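Worksheet for the structure shown next.
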Amino acid sequence: MIELRDIAVQQGAFALAGVTFRVAAGAHAVVMGPTGCGKTTLLEVIAGLRRPTRGRVLLDGDDVTDRDPAARHVGYVPQEAAVFRTMTVRANLAFGLTVRGRPSGPTVAALAERLKLTHLLDRRAVGLSGGEAQRVALGRALAFGPRVLLLDEPFNAADAATRADLIALLTDERARRPLTILHVTHDRSDGTAADAVLTNLFPP
Amino acid sequence: MRVRGFHWALGLIGGGYVVLVAAMLLADLSATSPGHLLAAFRTPEIRAALALSLASSAASTVLSLAVGVPLGYLLARARFPGRGLVELLVDVPLVLPPLVVGVSLLLVMRGPFGRAVHEVIPLVYEPAGVVLAQFAVCGAFATRTLRTTFTHLSPRTEQVARTLGCTPWQAFKLVALPEASRGVLAAATLTWARAFGEFGPVLVFAGVTRNKTEVLPTTIYLELSVGDLETAMAVSLLMVAVSFAVLLALRRLAPETPA
């Protein structure tokens, strides 16, 4: 479950005021809004990358507002993918596990298979296409078994077929284990992927 | 073939500079002889100066990177009070005349802090002083290069690493630093080249004692001051040859083709 209570962020001329919502445990919710309205900022607040000036963030009932990003167990897929280009695709996927000293082999192999990345595993993560980079970023965020997955415009670089594949993968992932997904987009058709659509979170 | 014409025009404008550098080297060559070059290389004092030049510039490069990486990163990423002032201060060695850097170092060593340091590591007119004199200038070059490097790297990958379980230190070591490796190498190259050729602060702070604090730039100064242009130019060419070797080796570490 993701719960935001009266979250406010103020940075220079940009402000986010009084955002409150709740996404049920195991749901896939989509947040709609035009470009520049603060969708990315909202995800950063939930991931712990930005401190809100006011309000609380709760994940599965725990108040994580003051908790370090490393301790929140949140998978984050930024819009620009931000793959680790000095590492191989395999090391990218395994990162969340290796940094915790956990074995990664089988998890990474299975994820790569489902994300159609197996043939790229030993390649350095530079020069990937937009869609490949996006899939690497998604796999990297899922591999360590987060309780919450945050997606920032994840289907931007995907064609219709890839999109359907990725949505199927997310649905499958939610069926296997407890995972709540929050997905922000400006694309109305992304709403079809979700079982909840949140609009008007950002009053002008 | 419009591009070719465009490139020719750029080549004509930029080529003037290349010609100037080549002309200087040729002039140096014509002012000396192979005999002088060989003699210079055989002179024990000049060999000692070459050895100290190589050792001191390597040491000051390491020191410069050791401060340049954290400082460059902080200036690029962190917002803290006095950041603007720190930014100005680290640029000071770039604008100060090199001689003034040397004099300033001497004045620092005269103070209570300097005297305390002197008890532990003697610096003034000592080989270690050569390293400090080079470092005082080169730290600024390294910091500036590395600040630019980190400014151009998106903090996003580090943020993702944090969500994946990294401490800030781990995210820096595993993600940001490897991404900055080219910049670190560029900083190392620039810093080393500058340290190797550093003259003013070394002369003032470490002096020129044969077999002790003499480095190649000060050798050239000594030879010129006694009117031996041939030997001075021979040593200059020796410096050019050594620099070429080191810079080429550094370049091999980072091919310029996009990774």
Side-chain angles (χ1 to χ4, degrees), chain A residues 11-12 40 43-50 59 64 67-88 91-102 104 123-127 133 136-150 152, chain B residues 65 68-70 72-81 83-84 145-146 148-189 250-259:
Chain A
Q11 195 191 24
T40 298
L43 295 189
E44 288 171 349
V45 168
I46 301 171
L49 302 170
R50 188 187 290 271
L59 299 179
V64 298
R67 205 177 286 176
D68 192 79
R72 293 190 182 201
H73 293 277
V74 167
Y76 173 44
V77 182
Q79 186 174 3
E80 61 273 43
V83 296
F84 303 139
R85 45 196 177 76
T86 57
M87 304 175 197
T88 60
N92 267 270
L93 295 178
F95 193 86
L97 292 165
T98 43
V99 83
R100 292 179 165 83
R102 280 163 39 191
S104 62
R123 218 179 97 178
R124 221 154 53 99
V126 276
V136 171
L138 178 61
R140 179 179 61 182
L142 280 173
F144 74 106
R147 57 181 172 182
V148 164
L149 183 63
L150 304 173
D152 197 346
Chain B
L65 292 179
V69 168
Y73 181 86
L74 276 179
L75 290 173
R77 293 283 161 83
R79 296 287 166 267
F80 53 91
R83 182 169 158 276
T145 312
L146 288 158
T148 313
T149 300
F150 285 115
T151 304
H152 286 120
L153 287 175
S154 163
R156 199 55 111 191
T157 46
E158 261 177 289
Q159 293 177 341
V160 171
R162 297 277 288 120
T163 66
L164 292 170
C166 282
T167 61
W169 172 246
Q170 281 176 316
F172 174 74
K173 192 181 73 172
L174 299 173
V175 174
L177 202 53
E179 282 182 358
S181 61
R182 261 160 204 281
V184 174
L185 203 70
T189 307
L250 280 172
R251 192 185 291 179
R252 289 207 85 164
L253 285 174
E256 287 190 17
T257 49

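What you are looking at is a predicted structure, and each value in this text was computed from that prediction instead of being measured. Below, chains carry the letters A, B, ... as their sequence lines are ordered, and counting in each starts from 1.
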Heavy-atom closest contact ([X] atom, [Y] atom, distance):
| X | Y | answer |
| --- | --- | --- |
| A:R100 | B:G165 | NH2-CA, 3.8 Å |
| A:A70 | B:C166 | CB-O, 3.6 Å |
| A:V83 | B:E179 | O-OE2, 4.5 Å |

*Please tell me if the side chains of B:R156 and A:Y76 come closer than 4.5 Å, counting only heavy atoms from C-beta onward.*
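They are in side-chain contact.
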_Side-chain heavy atoms of B:L174 within contact of A:F84, under 4.5 Å_ =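 Result no, sub-4.5 Å side-chain heavy-atom pair not found.
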For [X], is it the side chain, the backbone, both, or neither that has a heavy atom closer than 4.5 Å to a heavy atom of chain B?
| X | value |
| --- | --- |
| A:V99 | both |
| A:V77 | neither |
| A:R72 | neither |

*So which of A:A82, A:A47, A:A141 has the largest heavy-atom pair count under 4.5 angstrom toward chain B?*
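If we count pairs closer than 4.5 Å to chain B, A:A82 comes out on top.
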Residue part contacting chain A, namely of [X], when any heavy atom lies under 4.5 Å:
| X | result |
| --- | --- |
| B:Q170 | side chain |
| B:A171 | neither |
| B:L153 | side chain |

_Leading residue by heavy atom contact count with chain A [cutoff under 4.5 Å; candidates B:V175, B:T157, B:T167]_ =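 Of the candidates given, the most pairs with chain A belong to B:T157.
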_Pairwise distance OG1(B:T163) to CZ(A:R140) - rounded to 0.5 angstrom_ =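 So the gap between those two atoms works out to 7.5 Å.
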